[in-house]
Undergrad: 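Below: one structure in structure tokens.
Within every chain, numbering begins at 1; the chains are lettered A, B, ... in the order of the sequence lines, protein sequences first and strands thereafter.
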Amino acid sequence: MIDVKLLHKNFDETVAALLRKKVDVTLLNDLKTAHETLKSAKLAYESLQAKQNELSRLFGQYKKEGKNIDALKNEVDSNKAALVTLLETQRLAEDALDAIIMTIPNLPDSDVPHGEDENDNVEIAKVLTPRVFEFPIKDHVELGDTLGLDFEAGVKLAKSRFTVMRGDMARLERALINYMLDFNAQRGFHEMSLPYMVNADMLRGTGQLPKFEEDLFKIGDENLYLIPTAEVPLTNLLYDEIVTAETLPIKMTAHTPCFRKEAGSGGRDVRGMIRQHQFHKVELVAITHPDQSDDMLNEMVQCASDLLTSLELPHRLVTLCDGDMGFSAAKTIDIEVWIPSQNTYREISSVSNTRDFQARRAKIRFKEGKTNSLVHTLNGSSLAVGRTMVALIENGQHEDGTLTLPTVLDRYL
RNA sequence: GGACAGUUGGCCGAGUGGUCGAAGGCGCACGCCUGGAACGCGUGUAUAGGGCAACCUAUCUAGGGUUCGAACCCCUAACUGUCCGCCA
């Protein structure tokens, strides 16, 4: 979450920055008021509590000395009644503040381009040139029919947006996961195996809750949620921890399935494997010193881009404009892979620096000398496996429906 | 799933109603000692919020209750351990 103190100090600047993320200004005014209310409520409560503590101490002393305690008891009792009211006021103020601040998105970095939506994202670079096909190309749904993508079976077993992979396709998925994990390990990212369900606190820590509950699959009566990305368990491994500065940066990678309701996606991408309720993804997460996070963002983007290059997949890097950025991000660079059947680039990785936004929510700090400060957290896909398969199938297709895969995968297949 | 036991600071561990934010030890940091080190000695060593200095408030798994006052008593939950049942 954002820093309330900063909001107070630079109210106009903060409002301006958050307007770019489409935040309602009245909310920010409410937030400021709530914070002021809370401060005065706390002050009132704490000073009376201090007095009460002193009286209680006296009470014990008087009793021990056999003094009369009637007058003292009267005072203590009336204070107590007042304390109960003050505490209630404080709690209400706290809840009000919390309810607002937890729904306020992160401030965009100053160098993030302005814009409304994905059309205003700024291309940074193109890597590899898309192949020119000399025959009518098929999309991955048509090709998958013979290769082993079974969309009907997915629907039968669960519902739409689920897919079954048979034989070589199932093996390709497994190979890609292994290849990506090994690739990331070589770049110093420590491999993790994680729970695919987490509790609500963790989801608040990384920013999925309370605002985006409708995007998550909740487990019946268990109070657990299926993870929408490995970013959640990976980042929250450090939840409420204080690490020493020397241990930074902490670089981690993990493969997990990801579960998303895709509630807001309407009827987009219903065909094929682009947008699924369940998909595999290999994720990168870094916990850094505030001074390191800019470099780390580049390192992670480079890592994902190099991975795509090694898979011989044409792609481009774009900086997201403020209007298209996610809730927790201060800056996001998307990597989009070439999809021949759509004649366009589609997102296959998204790398974000959240700065101290998640760290403040998840209470992740580092100790440097005697002082504790918030770390910076970053996350990025490396890569979405299903979309990588789509890209490999479509980019590597032949006229007869067969497929050539990049040689780096040879030893994994 | 059933029965019983437990959950205290970075760790171990005392503490069963009144300066207990918490003894003691270990670890760690700094200083002394040493040619250097170990040993020894001394000092310091939680987090958050407010003043932003003294100091104040909160926190002994979490939430609720009893009490003038709770780490300590009561209730609920979570977690851990052990035994039984079940199971990959």
Side-chain angles (χ1 to χ4, degrees), chain A residues 1-9 31-102 193-205 209 218-225 233 236-248 250 257 287 356-375:
Chain A
M1 57 196 163
I2 60 164
D3 187 351
V4 197
K5 284 187 206 161
L6 198 76
L7 177 79
H8 262 277
K9 236 164 125 186
L31 182 62
K32 198 178 174 200
T33 312
H35 186 229
E36 276 155 7
T37 311
L38 177 61
K39 261 177 95 167
S40 60
K42 256 192 156 157
L43 196 69
Y45 173 76
E46 285 183 2
S47 56
L48 186 59
Q49 182 61 250
K51 192 175 165 198
Q52 187 76 332
N53 286 345
E54 180 54 34
L55 291 177
S56 281
R57 240 168 268 146
L58 269 180
F59 194 102
Q61 199 184 316
Y62 280 22
K63 233 179 159 178
K64 208 180 280 175
E65 294 167 359
K67 288 184 184 166
N68 187 301
I69 52 168
D70 292 349
L72 202 53
K73 180 149 169 54
N74 281 338
E75 191 177 357
V76 155
D77 283 346
S78 69
N79 277 352
K80 197 179 179 185
L83 276 172
V84 170
T85 316
L86 284 172
L87 185 63
E88 188 53 29
T89 313
Q90 191 192 311
R91 268 192 199 167
L92 287 174
E94 233 158 27
D95 289 350
L97 179 77
D98 223 50
I100 300 171
I101 199 166
M102 289 298 276
S193 175
L194 303 159
Y196 303 153
M197 299 176 207
V198 294
N199 61 47
D201 284 342
M202 301 304 110
L203 288 157
R204 269 190 287 272
L209 287 180
K218 186 169 187 183
I219 308 296
D221 52 358
E222 277 290 340
N223 212 24
L224 290 172
Y225 297 80
N236 282 298
L237 277 171
L238 280 298
Y239 189 95
D240 200 20
E241 300 279 347
I242 303 171
V243 299
T244 55
E246 298 78 65
T247 60
L248 301 174
I250 298 169
I287 314 289
D356 62 11
F357 185 84
Q358 291 179 326
R360 186 171 292 107
R361 289 174 158 245
K363 301 178 278 248
I364 308 175
R365 293 144 298 173
F366 70 100
K367 190 183 280 292
E368 198 172 35
K370 288 202 106 179
T371 43
N372 295 327
S373 322
L374 295 167
V375 298

Undergrad: Nearest whole angstrom, please: distance from the P of G18(B) to the CG of Leu72(A).
TA: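 So the two atoms are 17 Å apart, to the nearest Å.
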Undergrad: In whole angstroms, how far is the P atom of U47(B) from the OH atom of Tyr239(A)?
TA: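 From Tyr239(A) OH to U47(B) P: 18 Å.
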Undergrad: Can you measure Asn79(A) atom CG to U67(B) atom C1' for me and round it to whole angstrom units?
TA: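 Rounded to whole Å, this separation is 16 Å.
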Undergrad: Mind checking what makes side-chain contact (heavy atoms from CB on, under 4.5 Å) contact with Thr371(A), not counting sequence neighbours?
TA: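 Thr371(A) satisfies side-chain contact (heavy atoms from CB on, under 4.5 Å) with no other residue.
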Undergrad: Roughly how many Å apart are A54(B) and G64(B), using the C1' atom of each and rounding to a whole number?
TA: 37 Å
Undergrad: Can you see if the side chain of Lys73(A) gets near the phosphate of G69(B) - specifically, an N or O under 4.0 Å from OP1 or OP2?
TA: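 No, outside the criterion.
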Undergrad: Could you give me the CA-CA distance, side-chain angles and deciding distance for Ile364(A) and Glu241(A), then say whether side-chain contact (heavy atoms from CB on, under 4.5 Å) is met?
TA: CA-CA 5 Å; Ile364(A) 308 175; Glu241(A) 300 279 347; 5.5 Å; no
Undergrad: Taking distance alone, no hydrogens or angles, what donor-acceptor pairs closer than 3.5 Å link side-chain atoms of residues 39-48 of chain A to residues at least two apart or in another chain?
TA:
unit_1, atom_1, unit_2, atom_2, d
Ser40(A), OG, Glu36(A), O, 3.4
Ser40(A), OG, Thr37(A), O, 3.1
Tyr45(A), OH, Gln49(A), NE2, 3.1
Ser47(A), OG, Leu43(A), O, 3.1
Ser47(A), OG, Ala44(A), O, 3.1

Undergrad: Does A88(B) have a Watson-Crick or wobble mate here (both distances under 3.5 Å), and if so which one?
TA: none
Undergrad: Tell me the side chain to side chain donor-acceptor pair (under 3.5 Å) pairs involving residues 86-95 of chain A, sequence neighbours left out?
TA: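 Residue pairs with at least one partner in residues 86-95 of chain A: there are none.
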Undergrad: Expressed as a whole number of angstroms, how long is the span from Asn199(A):CG to A78(B):P?
TA: 13 Å
Undergrad: Testing the basics here: between Pro233(A) and Pro195(A), what is the closest heavy-atom pair and its distance to 0.1 Å?
TA: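 That would be CG-O, 4.0 Å.
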Undergrad: In whole angstroms, how far is the C1' atom of A48(B) from the CG atom of Leu38(A)?
TA: 13 Å
Undergrad: Using the C1' atom on both, measure U8(B) against C20(B) and round to a whole Å.
TA: 11 Å
Undergrad: To the nearest Å, give me how far apart CG (Asn223(A)) and C1' (U76(B)) are.
TA: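 In whole Å, U76(B) C1' lies 16 Å from Asn223(A) CG.
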Undergrad: May I ask which nucleotide in the shown strands pairs with G42(B), Watson-Crick or G-U wobble, both distances under 3.5 Å?
TA: C30(B)
Undergrad: For Val76(A), enumerate each residue passing the side-chain contact (heavy atoms from CB on, under 4.5 Å) test, keeping only those at least two apart in sequence or located in another chain.
TA: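 With neighbours one apart ignored, the set is Gln52(A), Leu55(A).
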Undergrad: My understanding is that a pair needs two contacts under 3.5 Å, Watson-Crick or G-U wobble. By that rule, which nucleotide pairs with C11(B)?
TA: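 Check on C11(B): paired to G25(B), both distances under 3.5 Å.
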Undergrad: Suppose you measure atom P in G10(B) against the same atom in A22(B); what distance do you get, rounded to whole Å?
TA: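 Roughly 15 Å separates the two P atoms.
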Undergrad: Can you name the side-chain contact (heavy atoms from CB on, under 4.5 Å) partners of Ala200(A), sequence neighbours left out?
TA: Arg204(A), Leu209(A), Tyr225(A)
Undergrad: When the C1' atoms of G9(B) and A14(B) are considered, how many whole Å apart are they?
TA: 13 Å
Undergrad: List for me each residue that meets side chain to side chain donor-acceptor pair (under 3.5 Å) alongside Lys63(A), sequence neighbours excluded, and say none if there are none.
TA: none
Undergrad: Select from Gln61(A) and Ile242(A) the residue whose nearest nucleotide in RNA chain B is closer to the 5' end of that strand.
TA: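 Its nearest nucleotide lies further toward 5', so the answer is Gln61(A).
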Undergrad: Specify the separation, in whole Å, of atom NZ of Lys63(A) and atom P of G17(B).
TA: 14 Å
Undergrad: What interatomic distance, in whole Å, is found between C1' of U7(B) and the corresponding atom of C60(B)?
TA: 10 Å
Undergrad: Give me the distance, rounded to whole Å, that separates A71(B) from C33(B) when you measure between the P atoms they each carry.
TA: 44 Å
Undergrad: Closest-nucleotide mapping onto RNA chain B: is Gln52(A) or Asn372(A) further toward the 5' terminus? I mean the 5' end.
TA: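 Its nearest nucleotide lies further toward 5', so the answer is Asn372(A).
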Undergrad: Can you pull every protein N or O that's under 3.5 Å from an N or O on nucleotides 7-12 of chain B?
TA:
none

Undergrad: Report the base-pairing partner of A54(B) (Watson-Crick or G-U wobble, both distances below 3.5 angstrom), or none.
TA: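 Answer to the pairing question: none, since A54(B) forms no Watson-Crick or G-U pair.
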Undergrad: Paired with G69(B) by Watson-Crick or G-U wobble geometry, both distances under 3.5 Å: which nucleotide is it?
TA: none
Undergrad: Are the side chain of Arg365(A) and the backbone N or O of Ile242(A) linked by a donor-acceptor pair below 3.5 Å?
TA: no
Undergrad: Checking Asn199(A) side chain against Met202(A) main chain: does a donor-acceptor pair fall under 3.5 Å?
TA: yes
Undergrad: With a 3.5 angstrom cut-off on both distances, give the Watson-Crick or G-U wobble partner of C4(B), or none if there isn't one.
TA: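 Answer to the pairing question: G81(B), which forms a Watson-Crick or G-U pair with C4(B).
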Undergrad: Any ring pair (Phe, Tyr, Trp, His ring centres under 6.0 Å) pairs touching residues 65-93 of chain A, not counting sequence neighbours?
TA: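 For residues 65-93 of chain A, and leaving out neighbouring residues, there are no ring pair (Phe, Tyr, Trp, His ring centres under 6.0 Å) pairs at all.
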Undergrad: What distance, rounded to whole Å, do you find between the two P atoms, one in G85(B) and one in G69(B)?
TA: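 Taking atom P in both G85(B) and G69(B), they lie 49 Å apart.
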Undergrad: Is the distance from OP1 or OP2 of U47(B) to the nearest side-chain N or O of Lys367(A) less than 4.0 Å?
TA: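 For Lys367(A), the contact criterion (side-chain N or O under 4.0 Å from OP1 or OP2 of U47(B)) is met.
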Undergrad: Please measure how far the C1' atom in G21(B) lies from the corresponding atom in A48(B), and state the result in whole Å.
TA: 13 Å
Undergrad: What string of B, S and - do you get for nucleotides 50-63 of chain B 5' to 3' if you count protein non-hydrogen atoms under 4.0 Å?
TA: S-----SBS-----
Undergrad: Can you tell me how far C1' of G64(B) sits from CD of Glu88(A), to the nearest Å?
TA: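 From Glu88(A) CD to G64(B) C1': 14 Å.
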